[in-house]
There are 2 protein chains.
Amino acid sequence: MVVAMLCQLKFAAAHVLSYKADAMLTKKINSNTIRRINAARVFHGIHKQPGISPRGLSKITGIDLATISIILTTLEQDGVVLRRTEAPTGRSGRPNSTLFINEASGVLAGVAVEVEEIHIVLSSFSGARLGSLRVPGSLSQEAAAAAIKNGILALLRQVGIPRKRLAGVGVGVPGLVGLDGRIALAPALDWHDADLAGVLTAGLGVAVHLENDIKAAAIAEHIFGSCQHTADFVYVSGRSGVGGGLYLGGAIYRGPHGLAGEVGHMKLVPHGRSCACGAHGCFEAYVSEHAILKCLAEAGESARDIPSVRAAALEGNEVVLRTLEEAGRHLGLGLANLANLLAPSSIILGGGMAALAEFLLPACRPEFEANTLAEIRCAMTIALSALQEFAIPMGGIAIALQHFLEEPGAIRA
Amino acid sequence: MVVAMLCQLKFAAAHVLSYKADAMLTKKINSNTIRRINAARVFHGIHKQPGISPRGLSKITGIDLATISIILTTLEQDGVVLRRTEAPTGRSGRPNSTLFINEASGVLAGVAVEVEEIHIVLSSFSGARLGSLRVPGSLSQEAAAAAIKNGILALLRQVGIPRKRLAGVGVGVPGLVGLDGRIALAPALDWHDADLAGVLTAGLGVAVHLENDIKAAAIAEHIFGSCQHTADFVYVSGRSGVGGGLYLGGAIYRGPHGLAGEVGHMKLVPHGRSCACGAHGCFEAYVSEHAILKCLAEAGESARDIPSVRAAALEGNEVVLRTLEEAGRHLGLGLANLANLLAPSSIILGGGMAALAEFLLPACRPEFEANTLAEIRCAMTIALSALQEFAIPMGGIAIALQHFLEEPGAIRA
DNA sequence: CCATAATTATTTTAGCCTCTAATAAATATG
DNA sequence: CATATTTATTAGAGGCTAAAATAATTATGG
């Protein structure tokens, strides 16, 4: 009850412009900034609630109706927003205008670069998938850039949309991405200081943004997936390892060097299973896809990949079930640590964890509940990724969308 | 090297006005907002760099000199800022004006409410302690409010400063504080829904803000202590338990219900030592002040409090040293988890951990280093609280200062 | 069925406030 | 006294808000 009450107080306390002393001692704020932000807010409001009226926008944004009106005029002129008149509703009075993002005005591309393959998705502004494409991975930076460019162009042709309507691209890579969203360091791909964003921006003539794959997936869950109304959640997923996207206070938290979120290396068991990082007892040594496959191999039940593990579990294979139960317990413990520390509104499981959830969660939940403070546990949920294997490319699209929403140049294009 | 490079990129990427979609869909931005923020930035700049010139302020804030000039005029009229002319420096040209916070214009009060006692500190705007006072604790909410009020008034009399020059009060309490900074839930004090801030605001006629004690201490480290130029750090301290202040991206992270930061209940050892929370193997069951005293008691070396533990350790008491070594190892493990997850610039130890640091750290460091990812470890430090037993009340002062800096009403007062 | 009133929604207008850039003023050095 | 440096002032442009005006409906009454 107290929690609910405290929750209500949130918006009263939240400062719109968070005055972060250090970060803010550097850049200027002027009326242009205001307009840009307000335009973005209007656009975002329409995106979030298609069919909203100008008055409704004024209500949820707090922006005066007159201002909304002016902003809408420019957005309509730019062809980014469409307005229709609502059919008579029986109420007396002039009917609402209803506002929509003009889906015809542009498309976004999202890319997941993985070791095995590159996954490219084309979508409308509202996140409707228009087409997707997978090409083999394991490429040099240059080859990957070319493959991505060609893939996007091929998809555009396939869907019959002219190249200049591409409004932005976002790329998720398995590695460290600089805080400017350009340079990537991806050991798994053997990329070092790879300015993929720069190369692609030049090649495609449109803004391209890089992001760590798991963080991208987290953003996707926020914009398109199961956390659309949640400002504080943790996304946990991964392949060989386990990564985390810490969505804190309405944005991904990257930490001072972009290194934050290495949930896979939380230590669960002193002197436990050895991990690729050189330490022992890491979370990912128990619950990553590779770890599960390895545990199975050790137990004499080799499996090729997660789908085959799932199949074996569905068939009732005892060894597989026991192994997954064990992984589930460790999963519960790891999630408990996350919950205790960050008290998010929810924890979202992606990748193999989501695929195997029905076998992991029965053991995970009790362990999680036993190890999480009651106040925190009661105010949160554990859920599965809504986007599944599209999480990372949709993350790219979400990032492209966010940048599009925030950059006036793009809106005015 | 890459880390250093990525670090440089930070400011290019950081948006001044972080467009946090959800949080921002509610409040309005207008030119007033700009002025308020700019005034706060100017004040903050002077506070951070006393003696700075208007031109210097313009440079670090990016605000035009004309705007700076106007803001300074009002700040001077309000008596909050002083301006002096620099003595001739040998350089040619008109000498700088130098700007200072007018220390005489107001004082701030910070309060630490603990179970045993209430600690009240009076300070100038620049954080210079003018006086402090300790009164017995264990009070009802009403009694505590009265004690705090009387204590502050007594200190003001003692220092000879009229009551109306009190510009703000911040209070750290051991418990959950609502996100509006008013209502506190403090089981240790047996307070429930205690609107201490409201009562005190009414009683003192000045803005009073509540904060969790550890979070307050973290803010104090940022404003006055060892993290003045660090936007991302974790403060770890506590008495009976272990709390954490997560300072992320230039502000305390509270989480959706204000519950974030319970570092004390990270699980370090499956089925480990039992904790007051009902679970086993919690961080605080190994390293809190109470835990250390309990471990010593179990080892047959009862100690009354942390100073006496320290004395015994200094005398070379083997049992005490071994116990602290053991605690240090667990401390290292817990800090490694924090580091891996959040990759902060530094972790600051306060309270008993700081007092016993010389005995804890030798065992802590190797454990920490073995369990933290190299990239993260290399980009961070572990340090001790610079404020020691004044951390919490100074945190109250820091909070009062922050609010004072951000609220135009206060500046215009 | 038509005209008018009532209701609700949006746009325009006027006013105020902010930031910026250009201009003017002030001060110390050589 | 001329010059360089720093600060103050003054239009000018753009943004937001409140209030008035306009627009598009439905209800009502003849």
Side-chain angles (χ1 to χ4, degrees), chain A residues 16-17 24 27-42 45-46 51-77 81-99 408 411-412, chain B residues 16-17 24 27-42 45-46 51-77 81-99 408 411-412:
Chain A
V16 174
L17 307 169
M24 284 199 39
K27 290 221 173 172
K28 47 178 75 171
I29 313 175
N30 56 23
S31 32
N32 237 333
T33 321
I34 297 184
R35 171 46 73 86
R36 202 178 65 223
I37 292 178
N38 279 343
R41 293 210 286 166
V42 167
I46 299 172
I52 194 170
S53 69
R55 169 173 289 229
L57 278 174
S58 173
K59 241 175 213 146
I60 65 167
T61 59
I63 300 169
D64 192 275
L65 228 114
T67 310
I68 300 267
S69 179
I70 297 164
I71 291 171
L72 285 176
T73 305
T74 72
L75 289 178
E76 281 180 276
Q77 277 169 358
V81 163
L82 288 180
R83 139 185 259 149
R84 297 193 209 120
T85 303
E86 200 174 52
T89 54
R91 274 183 326 199
S92 79
R94 175 176 173 171
N96 277 334
S97 306
T98 56
L99 300 164
I411 292 178
R412 304 264 152 99
Chain B
V16 173
L17 306 169
M24 284 199 39
K27 289 221 173 172
K28 48 177 78 171
I29 312 176
N30 55 25
S31 28
N32 236 334
T33 321
I34 298 184
R35 163 65 104 201
R36 205 177 61 221
I37 292 177
N38 279 342
R41 292 212 285 165
V42 166
I46 299 172
I52 194 170
S53 70
R55 168 169 289 226
L57 278 174
S58 173
K59 240 176 215 146
I60 66 167
T61 58
I63 301 169
D64 192 273
L65 231 121
T67 310
I68 299 268
S69 179
I70 297 164
I71 292 172
L72 284 176
T73 305
T74 71
L75 289 178
E76 282 180 277
Q77 278 170 357
V81 163
L82 287 181
R83 141 185 258 150
R84 293 192 211 125
T85 305
E86 200 175 52
T89 55
R91 276 182 326 198
S92 76
R94 174 174 174 172
N96 276 333
S97 307
T98 55
L99 301 165
I411 292 176
R412 304 261 153 101

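For the pair I68(B) CD1 and dT18(C) P, the interatomic distance rounds to 15 Å; values are reported in whole Å. Taking atom CG on D64(B) and atom P on dT18(C), their separation rounds to 15 Å, with Å as the unit. The interatomic distance linking R83(A) (CZ) with dA9(C) (P) rounds to 13 Å, in whole Å. If you measure from atom CD1 of I63(A) to atom C1' of dG15(D), you get 12 Å, rounded to the nearest angstrom. In this structure, CD1 of I71(B) is placed 13 Å from P of dA8(D), rounded to the nearest angstrom. In this structure, the CD1 atom of I34(A) is 10 Å from the C1' atom of dG14(D), given to the nearest Å. In this structure, CD1 of I37(B) is placed 15 Å from C1' of dG15(D), rounded to the nearest angstrom. Here dG15(D) presents its P atom at 13 Å from CZ of R36(A), a figure rounded to the nearest Å.
When the side-chain nitrogen and oxygen atoms of S53(B) are compared with OP1 and OP2 of dT6(D), none of them lie within a distance under 4.0 Å. At dC19(C), one or more side-chain N or O atoms of N38(B) fall inside 4.0 Å of OP1 or OP2 (strictly under the cut-off). Residue S69(B) places at least one side-chain N or O closer than 4.0 Å to OP1 or OP2 of dA8(D).
Side chains of N32(A) and R35(A): no donor on one and acceptor on the other come within 3.5 Å.
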Run the side-chain contact (heavy atoms from CB on, under 4.5 Å) test on K59(A) and I52(A) for me, step by step, so that the C-alpha distance in whole Å, both residues' side-chain angles and the decisive distance to 0.1 Å come before the verdict. CA-CA 11 Å; K59(A) 241 175 213 146; I52(A) 194 170; over 6 Å; no
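The nearest heavy atom of DNA chain D to L65(A) and to T85(A) marks one nucleotide each, and the one closer to the 5' end goes with L65(A). With DNA chain C read from its 5' end, the first of the two nearest nucleotides for T67(B) and L72(A) is the one closest to L72(A).
Contact of the R83(A) side chain with the L72(A) side chain is registered, since non-hydrogen atoms from C-beta on lie closer than 4.5 Å. Contact of the T98(B) side chain with the S53(B) side chain is not registered, since no non-hydrogen atoms from C-beta on lie closer than 4.5 Å. Side-chain contact between P54(B) and S97(B) is present, with at least one heavy-atom pair separated by less than 4.5 Å.
The nucleotide whose nearest atom lies closest to any side-chain atom of S97(B) is, among dC16(D), dT12(C), dT7(D), dT7(D).
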What does the list of N/O pairs under 3.5 Å between the protein and nucleotides 6-8 of chain C look like, with a distance for each?
unit_1 : atom_1 : unit_2 : atom_2 : d
dT8(C) : O2     : R94(A) : N      : 3.1

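Legend: residues meeting salt bridge (charged side-chain N to carboxylate O under 4.0 Å, His left out) with R84(B), ordered by chain and number and at least two apart, are absent.
Across all strands, I70(B) comes closer than 4.0 Å to no nucleic acid atom at all (heavy-atom distances).
Separation of atoms CD1 (I68(A)) and CG (N38(A)) is listed at 7.5 Å; rounding is to 0.5 Å.
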